[in-house]
Amino acid sequence: MPEYEPVVGMECHAELLTNSKMFCGCKNEFGGEPNTRCCPICLGMPGALPVMNREAVNHVIRTALALNCEITRDAKFDRKNYFYPDLPKGYQISEYDKPIGVKGWLDIEVDGQVKRIHIRRVHLEEDTGKLFHVAGDESFVDLNRSGVPLMEIVTEFPPDIHSADEARAYLMKLRTILTFIGVCDGKMEEGSLRCEPNVSIREIGTHILGTKTEIKNLNSFRAVQKGIEFEVERQAELTEAGEKIVQETRGWNDAKQITFSQRSKEGEQEYRYFPEPDLLPLEISDDWIEQIRLNMPELPDSRKARIISEYGLSAYDAAYLIEEKELVDFFEETAKLSGDAKLSANWIMSDLARLLNTDNTPIQNSPISPAHLAEMVKLINDGTISGKIAKTLIEEMFTTSIAPGLIVEDKGWKTIKDTGAIEALVEKVMADNPAIISDIKEKGLMQKKGFLVGQVMKASQGKADPQDVNRIIDEKLIG
Amino acid sequence: MSELFQLSAVEAAQLLQAKKISSVELTGNVINRIEDVENRVQAFLIWDKELALSQAKVVDEHRMRGEDLSPLAGIPIALKDNICTQGIRTTAGSKILYNFIPPYDATVVNKLKQAGLVLIGKTNCDEFAMGSSTENSGYHTTSNPWDLERVPGGSSGGSAAAVAAGESLLSLGSDTGGSIRQPASLCGVVGMKPTYGRVSRYGLIAYASSLDQIGPFGRTVRDCAALLNLISGHDGMDSTSTSVPVPDYTKACESDVKGLKIGVPREFFAQGVSGDVDMLVRAAIEKLCELGAEAEECSLPFSEYALAAYYIIAPAEASSNLARFDGVRYGLRTKELAGHISLTEKTRNEGFGDEVKQRIMIGTYALSAGYYDAYYKRAQQIRTLIRRDFDRAFEKFDILLTPTSPTTAFKIGEKSDPLAMKLADVCTLPVNMAGLPALSLPCGFVDGLPVGMQVVGKPFDEETVFRVSHTYEQASLWHTSRPLL
């Protein structure tokens, strides 16, 4: 059996974070009672006209710059014509031959290898409404989403992506960039970020592109990866069996982890694009672009490099923290306040991450603030509490949102500094375990000392400093 | 005194301001006239006595309280039925909107309401403004008040006929390829298409978005100027409306054409223009020259392709603009329910008339992949060339004068050949393609039927158009003639 390689093109749609819809003043929000956020414009009433939302255009220019695109100065809108009950005007206002951003790229890292993925275009369009099919022969349409600004990002053709891992890495990187620059909330489960990969396979070493299929309704990174993997395998099996691959749209069934045929693409849709006469061309000036460039937040790649050099983090830790803007913000604040970046990162990535995950809470809603976590790190570093106590303490902080200093005070979790008290505990443990003492003293089984240390720590309820305990046991054994 | 309905709007406004008459009297008189002649003219699709009188009463009360009112407050006006009116049925002459009651006013309607004009009704038109006779209306054909067997022109035929018949003092129409000027010419009234972008299109049911423009009808040039004052200006709801300042157009209505350079484009006097029309328009130009203007023949060579290019661009845009009439949200919905595709197909099949269907098909074809470059793109290139022709002419001339329509009003049913009908717009189409302001005013009669002259100006130079037109009007008596009904 010959070896096949996947060829994957990625088409992503991001709903933009704007106050109002693309061409009218209706609120741009997720959900709501059906058909409550509509007006004559987004309902496609006769005589209603679109007026461009400049904030949405700014978001697309910002994205195009973040993706290293060239900006099309005379970008314009076009009408994409087709009939569907969720499309009120019978056309979608989109950009056809002059998208705002062209010829961009982003870098991904898979198995330690950096790879550049080229981007063909970034353009702005409006979203459609949603259809609901109910039992019987009725359907309903909700037009709250109609006219929500939507950005489309398409990878270059022929595609650079040749594995499901790369596709997933691309999507994660894209999401990170979009959320860092604040243009999209990146919620795949709510559909504010949607991805439709098109997949074909070819024998390794050849350059001919095979027949591609497009996968829809992928609602998570995992689904994107699994969907592509399934599709590659399916196409390879068909090819091996000498069967033809049909150009079509395939849906993803997440429960069964399979793709299924939805719609044949033969007889390609005829969209009859033409320039939108109700809107003027954009005329994007140098000043306009410069204004956006000046207000561009730090992008993930440069921020990652900076936190590595500034805080001495490992590349692994930096990559973990950079995935979510809120996470790396949380880290930086904690690190600055605590003065110990490495320890801050460790606590964020281990215990705090686990608590948040169990509680299904995003980092921006963490009950533990960066200030409280920094205070805890300081308590550990100045010896006020032991690391062991800290593990209990962070749980308490997560449940109560109370400052760690107050909790430690209240619960009496401070490390015991009084050597007299530790000596008393050591003496008691030694007296209780004569067999161990003789093993150590007479047979030289020094490894059994650990048992004694453990017993003392237990007796102190973890509040003794293990170093103090070790030192005092040594003294007693010698003496 | 003659009956109030025969007054020009400006004359009536002076009487209102002097409190010699009330708006209720004036409106009541116009309503009487409608009750008298409407069954013969059929200019309206809907008119409402109570609604009109109640608006008139409010204006009278404001006037009695000494409030500051606009110059045309209290004057009755009719609106073409493709202009959306909140709470009043708006059909654009189409069966597909037989039950459509807009929840909003067009921007021009807002402006008229603020100015205190009295809306008396919605006028008949060719379906979605596609036609030159009102014969394509989904409801009925309007008659020409000068000869009831003849068409009033179109598509704004109802608006032109209403003003000509004394059923309203003023009206608004829309002009995509001549739909204000041609019926104005055929009905012997003044009608103006402003520069593209001068008047907001928000609430105008779109036919061809890059060509459509709302404009006034009146019995005199000054009436149109006064009405244009009220409806012009930038509108945040229409991105294609411009912020070019709006002067007081009535101030441009003065008799002075000394040294004015008139261009007479020869192509507009060929192409099927009747000998009588040719002669009357040339006589009008002669008259202006006697008053101090200088006329010279010129050429706009690409205007001969305007008709062909127009019938690509307008149907292309229409095919898209009319896609929203799918039976899903408003208007007609077929009773034969099935899947959503057949719902849309059947609704459109039942709701649209033949001319509309034909233009949708032409437009759909012209935009299709593989034909776009050959048709739509080429037509846009021709449009650019037509515009350049006009630019060149206006380097030399202040104004261009041409016939408005090649012939006088034709008989209802006479032009069964769609192409013959389309040739009625041959003099007006190039002006829309270039987005220029143009006005039609009466310049004589042939066999008792009015003839109009078209006055074409530079972009946003409506003032010169009004000045030339007013000068001619004052030197002639055509505008004082009224049809016998």
Side-chain angles (χ1 to χ4, degrees), chain A residues 23-25 35 38-54 76-93 96-97 128-129 131 133 136-143 146 267-282, chain B residues 82-84 90 92 97 100 102-104 106-107 128 200-206 208-212 235-241 313 316-317 319-331 337-341 343-345 348 363-372 376-377 380:
Chain A
F23 298 114
C24 63
N35 300 310
C38 311
C39 73
I41 297 167
C42 57
L43 288 174
M45 299 287 251
L49 296 172
V51 175
M52 187 192 77
N53 178 343
R54 200 173 159 99
K76 66 174 173 71
F77 291 101
D78 299 278
R79 290 187 185 177
K80 178 180 180 179
N81 295 282
Y82 65 97
F83 287 102
Y84 209 71
D86 67 7
L87 185 70
K89 297 188 295 295
Y91 57 86
Q92 178 191 35
I93 303 177
Y96 181 52
D97 56 347
T128 62
L131 273 189
H133 304 286
D137 52 5
E138 273 189 308
S139 296
F140 294 89
V141 63
D142 174 11
L143 294 169
S146 167
E268 192 74 36
Q269 270 264 29
E270 166 70 79
Y271 290 122
R272 308 189 312 278
Y273 282 100
F274 75 104
E276 166 58 281
D278 288 330
L279 292 167
L280 305 174
L282 280 170
Chain B
N82 60 355
I83 297 170
C84 285
T90 301
L97 287 176
F100 178 62
Y104 48 93
T107 296
F128 290 110
S200 169
R201 292 184 295 116
Y202 189 85
L204 170 69
I205 299 179
S209 313
S210 71
L211 299 160
D212 295 343
D235 175 18
M237 303 288 276
D238 176 3
S239 312
T240 64
S241 73
I313 292 168
E317 292 182 9
S319 70
S320 174
N321 283 332
L322 270 56
R324 65 187 63 197
F325 305 110
D326 56 6
V328 174
R329 282 148 294 123
Y330 47 77
L337 289 183
H340 71 83
I341 293 170
L343 168 82
T344 296
E345 279 176 2
R348 291 166 70 81
T364 303
Y365 179 84
L367 288 175
S368 296
Y371 300 106
Y372 182 89
Y376 190 78
K377 200 172 162 191
Q380 290 290 13

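Below, read A as the first sequence line, B as the second, and so on, with proteins coming before strands; counting in each chain starts at 1. The basis for the numbers below is simple: all heavy atoms, side chains too, and nothing from hydrogens, waters or symmetry mates.
Within a 6.0 Å sphere centred on OH of Tyr96(A), heavy atoms belonging to other residues, nucleotides or ligands number 12 at most. Shown here is Ile341(B), whose CD1 atom has no more than 12 heavy atoms of other residues, nucleotides or ligands within 6.0 Å.
Both the backbone and the side chain of Asp278(A) come within contact range of chain B, judged by heavy atoms closer than 4.5 Å. With a 4.5 Å cut-off on non-hydrogen atoms, Tyr202(B) touches chain A through its backbone and its side chain both. For a residue to count as touching a neighbouring chain, one of its non-hydrogen atoms must lie under 4.5 Å from one of that chain's; by this rule Thr364(B) touches chain A with backbone and side chain alike. Interface residue Ala369(B): backbone and side-chain heavy atoms are both found under 4.5 Å from chain A. Contacts of Leu43(A) with chain B are made by backbone atoms alone, with heavy-atom separations under 4.5 Å and no side-chain atom involved. Residue Phe274(A) touches chain B through both its backbone and its side chain, counting heavy-atom pairs closer than 4.5 Å. Looking at Tyr82(A), there are no atoms closer than 4.5 Å to chain B (heavy atoms on both sides), in backbone or side chain. Looking at Leu204(B), the atoms closer than 4.5 Å to chain A (heavy atoms on both sides) all sit in the backbone: N, CA, C or O. Only the backbone of Ala316(B) comes within less than 4.5 Å of a heavy atom of chain A; no side-chain atom from C-beta onward does. In this structure, chain A has a heavy atom under 4.5 Å from the side chain of Thr344(B), while its backbone stays farther away.
Note that OH of Tyr371(B) is 9.5 Å distant from CD of Glu270(A), once rounded to the nearest 0.5 Å. How far OG of Ser239(B) is from CG of Leu279(A): 5.0 Å, rounded to the nearest 0.5 Å.
Using a 4.5 Å heavy-atom threshold, the side chains of Tyr104(B) and Cys39(A) count as separate. The shortest distance between side-chain heavy atoms of Met45(A) and Phe100(B) falls below 4.5 Å. At least one side-chain heavy atom of Tyr84(A) sits under 4.5 Å from a side-chain heavy atom of His340(B). Contact check for Pro275(A) versus Tyr376(B): side-chain heavy atoms found under the 4.5 Å cut-off.
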TODO: List the steps, then state whether side-chain hydrogen bond (donor to acceptor under 3.5 Å, both in side chains) holds for Arg324(B) with Tyr91(A).
DONE: CA-CA 8 Å; Arg324(B) 65 187 63 197; Tyr91(A) 57 86; 3.1 Å; yes
- [ ] Dump the intermediate steps for side-chain contact (heavy atoms from CB on, under 4.5 Å) on Arg79(A) and Asn321(B), then the final yes or no.
- [x] CA-CA 10 Å; Arg79(A) 290 187 185 177; Asn321(B) 283 332; 2.8 Å; yes
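Heavy-atom pairs under 4.5 Å with chain A were tallied for Ser210(B), Gly327(B), Gly331(B), Ser209(B); the largest tally goes to Ser209(B). Highest contact tally toward chain A, considering only Cys84(B), Ser320(B), Pro102(B), is held by Ser320(B) [criterion: heavy-atom pairs under 4.5 Å]. Across Ala48(A), Ser139(A), Pro50(A), Gly90(A), the residue that shares the most heavy-atom pairs under 4.5 angstrom with chain B is Ala48(A).
Minimum heavy-atom separation, Arg272(A) to Ser368(B): CD-OG, 4.1 Å. Pairing each heavy atom of Val51(A) with each of Asp238(B), the nearest pair is CG2-N, 4.3 Å. Taking each heavy atom of Pro46(A) and Ile205(B) in turn, the nearest pair found is CB-CG1, 3.6 Å.
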